[in-house]
Amino acid sequence: VRGPTLRLQNRVVDKYLSIIRTEDNPAATRGCSLALGCLPPKLLAPNSQVLQSVLDCLCYASKTLTLVGGEGDAETRRNAIISLVNVCKTVGIDSKNTMPIAEADAFPIHRLTKKQTKMVFHSLLSAMDDYNTDRRGDVGSWSRIAAMDGFQAFANLSIKASTGFPHSPGQVTSSDPSALAGPNEEVIVPSFEKRLDFLRADVLSKKVDQSLDDTIFFDEQMCCSMLSALLKQLGEKLDTVRCKAGECLETLLTNDSPRLPFVPYRHMLVRALNVSNERDKNWSDPALTFPLLMRAINIDEFTEPILSGVVISVGGLTESVSKNSSASLFEWIRGLRTAKATPKIFRMGEVFLGLFHRHKKNGRVLLPLLSTLDKLLSHGCLDELLCAKNGMFIIDLMSCLTSEAKGCCDVKRLLAIVGVSLNLLQPHHETVSIMRDQILPFIMTMLLNPYPRVRRFTAEQLYVKLVEDGDILVPDKHECLEEANQLLLRVVWHDELDPHGQLSDSRNRIADLLGI
């Protein structure tokens, strides 16, 4: 039986692909990206080339940097993610364990290969980092929610298609009927010899032959990456995102058919999140979610993603979310300091710096991050980081703050950067000289920032800092300190005109007085 005619293929699939890649009208790209996921398998996969073209196009449309008419379009990205998952469901995965497709009886359907399943998975994973915003708010959350739904469907499909490991706790690969549990019996554990044989062929950190490897569509790295992304979203500031992440984690960790393999420290994770088959938790409730989530943060594989998510909530504007997440984070840090778990504290600092590097110029992430750092510094929670490694954390953080302030047009972010910078000046630490050399020159540049509100705020905060700790920051220069304070008070730093260059002259004089 013949497949779709060339004319039909051109008028449907090829037309949709062309519109998604070239059309400037977002309404067209949204509709076509969603329509691809609704096509029958004989149009999506009459041959491997067409299937690959469909996947390539949808993966391209789902990227956060893809533009429609010169601008990003959240609906196109979300619809592309939805269609990617629908294509996987419709076409299936290349394994004898997948469910048969009705149309396959009439025409041979090309299913997804292992390489294509990895491509789909990486697109879903990339969508979990979509933090784009517009006048409607956090529109990137639409893609993240669609990707979380996609993870559930993708995991089920790829695990069922994999024949290299059992899909449920009770599944044993044996021809001996006595090894199988009866309907009213407990699951029978295979003998030591049988378990040893299975472990030798297990893909979990083992070398496997190519024939076995070809039957594995879901591996340890994919499992860890997926759970990390979901746990990060469980610490998000949006209720809908937390709710979806919690529901997905509950489903994945409690399902037995198929059972999610390769979960790092499964028992600890399940116990920490207190998930069960009842699935009756309201994950959108911050008073419930954050204490549970911080119980799982000590699992090394999940420390970084959980901390990355919680940081956004701590620095958020929603009072209930910020209050509960802050309480949970501070309690965890106090426990680390009591236990003298210095490596964990250093890793926390690395996570903060990593967020600056991964989300450059992204106010959706950086503004809450700066607010969180300000809170932690004010409560003395980062003292170990400020004193350690010859002040390397201070140097690296100031490098990130300087980079973010350069060319920044967001006044709120600039004010937060100034606040964090001056909070880093902790004169009672051994690294005070490094703090002074790194921070005060940056503060001098902010006194001449193009925005009057930023200049005034910088002058006010610097005055407060010099009044409190000036004798330590500028030792043996009492008269110079007094003159600098008088200049900070007397000069109108928010003057927009400054025709005589008074601001520049005053700033330069303050720098000379403070020895900068």
Side-chain angles (χ1 to χ4, degrees), residues 12-39 53-87 119-120 122-150 229 232-233 236-238 240-241 244 308 312 315-317 355-370 403-414 416-417 450-451:
V12 181
V13 178
D14 293 348
K15 181 179 180 181
Y16 291 171
L17 298 180
S18 175
I19 289 175
I20 292 172
R21 288 188 176 274
T22 62
E23 182 61 57
D24 288 340
N25 181 2
T29 59
R30 295 168 190 173
C32 290
S33 59
L34 193 59
L36 278 177
C38 301
L39 295 178
S53 297
V54 171
L55 294 175
D56 286 340
C57 183
L58 290 174
C59 289
Y60 163 79
S62 69
K63 292 180 179 178
T64 56
L65 298 179
T66 300
L67 302 179
V68 179
E71 296 181 356
D73 187 64
E75 287 91 338
T76 297
R77 296 195 301 271
R78 177 199 60 194
N79 292 352
I81 291 294
I82 294 172
S83 287
L84 265 179
V85 179
N86 287 339
V87 168
M119 183 173 69
V120 172
H122 288 304
S123 291
L124 294 176
L125 201 59
S126 297
M128 297 290 276
D129 280 328
D130 188 347
Y131 286 97
N132 284 308
T133 58
D134 63 16
R135 56 185 175 79
R136 296 169 292 182
D138 183 8
V139 293
S141 64
W142 302 346
S143 291
R144 301 202 301 275
I145 290 173
M148 286 188 273
D149 283 327
K232 179 181 177 181
Q233 298 305 314
E236 254 287 349
K237 63 181 181 180
L238 296 180
T240 53
V241 174
K244 176 59 67 176
S308 299
I312 307 300
L317 298 177
L355 287 173
F356 276 107
H357 293 305
R358 287 196 303 274
H359 299 280
K360 291 181 179 180
K361 307 298 182 181
N362 186 346
R364 165 65 173 77
V365 175
L366 293 182
L367 194 56
L369 173 59
L370 290 166
S403 175
E404 283 302 322
K406 187 176 181 180
C408 180
C409 299
D410 185 347
V411 173
K412 289 184 179 179
R413 205 185 318 164
L414 288 170
I417 289 172
Y451 294 99

ask   = side-chain contact (heavy atoms from CB on, under 4.5 Å) with A405: which residues, sequence neighbours excluded?
value = L414, I417, F442, M446
ask   = Any ion pair linking D134 and R136 (charged N to carboxylate O, less than 4.0 Å)?
value = yes
message = So which atom in E23 and which in N25 form the shortest heavy-atom distance, rounded to 0.1 Å?
response = OE2-N, 3.2 Å
request  = Verify side-chain contact (heavy atoms from CB on, under 4.5 Å) between L36 and V87, making sure each step is shown before the conclusion.
outcome  = CA-CA 8 Å; L36 278 177; V87 168; 5.5 Å; no
Whether T66 side chain and Y60 backbone form a donor-acceptor pair below 3.5 Å = yes
query = Roughly how far apart are M128 CE and S141 OG, rounded to 0.5 Å?
reply = 11.5 Å
remark   = Output for pair (I312 CD1, L355 CG), nearest 0.5 Å, gives 6.0 Å
ask   = Any side-chain heavy atom of L124 within less than 4.5 Å of one from M148?
value = no
Show the atom names and distances, to 0.1 Å, of all donor-acceptor pairs under 3.5 Å that link a side chain in residues 358-367 to residues at least two apart or in another chain.
unit_1, atom_1, unit_2, atom_2, d
K361, NZ, S403, O, 2.9
K361, NZ, E404, O, 3.2
K361, NZ, K406, O, 2.7
N362, OD1, R364, N, 3.1
R364, NE, D138, OD2, 3.1
R364, NH2, D138, OD2, 2.8
R364, NH2, E236, OE1, 3.1
R364, NH2, E236, OE2, 3.1

task = Might you work through the side-chain contact (heavy atoms from CB on, under 4.5 Å) test for V139 and T133, ending with a clear yes or no?
result = CA-CA 5 Å; V139 293; T133 58; 5.5 Å; no
ask   = Hey, is the main chain of P26 close enough, under 3.5 Å, to the side chain of T29 for a donor-acceptor pair?
value = yes
note = Those residues at least two apart in sequence (or on a different chain) that pass side-chain contact (heavy atoms from CB on, under 4.5 Å) with T240 are I145, L238
Those residues that, when tested against L125, pass side-chain contact (heavy atoms from CB on, under 4.5 Å) (two or more places apart) = F121, F151, S225, A229
note = Nearest heavy-atom approach of A127 to I81 is CB-CD1, 3.6 Å
key: Contacts of type side-chain contact (heavy atoms from CB on, under 4.5 Å), residue D24, not counting sequence neighbours   = none
remark   = For G72 and L67, the nearest pair of non-hydrogen atoms, with its separation, is N-CD2, 3.6 Å
query = In Å, rounded to the nearest 0.5 Å, how long is the span from CG of L84 to CG of L58?
reply = 4.5 Å
query = Just by distance, do the side chain of S62 and the backbone of C59 share a donor-acceptor pair under 3.5 Å?
reply = yes
query = Does K237 have any side-chain hydrogen bond (donor to acceptor under 3.5 Å, both in side chains) partners at least two apart in sequence or in another chain, and if so, which?
reply = none
note = Note: N86 and G37 closest approach over all heavy atoms is CB-O, 3.3 Å
task = Name all residues meeting the salt bridge (charged side-chain N to carboxylate O under 4.0 Å, His left out) criterion together with D14; count only those two or more places apart in sequence or in a different chain, and write none if there are none.
result = none
message = Can a donor-acceptor pair be found, under 3.5 Å and without considering hydrogens, that links the side chain of S83 to the backbone of L34?
response = yes
ask   = Considering residues at least two apart in sequence or located in another chain, which fulfil the side-chain hydrogen bond (donor to acceptor under 3.5 Å, both in side chains) criterion with R135?
value = none
ask   = Shortest non-hydrogen contact from W142 to R78?
value = O-CG, 3.8 Å
task = Among residues two or more places apart or on two chains, list those pairs meeting salt bridge (charged side-chain N to carboxylate O under 4.0 Å, His left out) that have a residue in residues 62-74.
result = R30-D73
key: Contacts of D149 that satisfy side-chain hydrogen bond (donor to acceptor under 3.5 Å, both in side chains) - sequence neighbours left out   = K244
request  = Would you mind reporting whether Y16 and C57 have side-chain heavy atoms less than 4.5 Å apart?
outcome  = no
query = Who are the side-chain hydrogen bond (donor to acceptor under 3.5 Å, both in side chains) partners of D130, not counting sequence neighbours?
reply = R77, N132, S143
request  = Please lay out, stage by stage, how D129 and T64 fare under the test side-chain contact (heavy atoms from CB on, under 4.5 Å).
outcome  = CA-CA 8 Å; D129 280 328; T64 56; over 6 Å; no
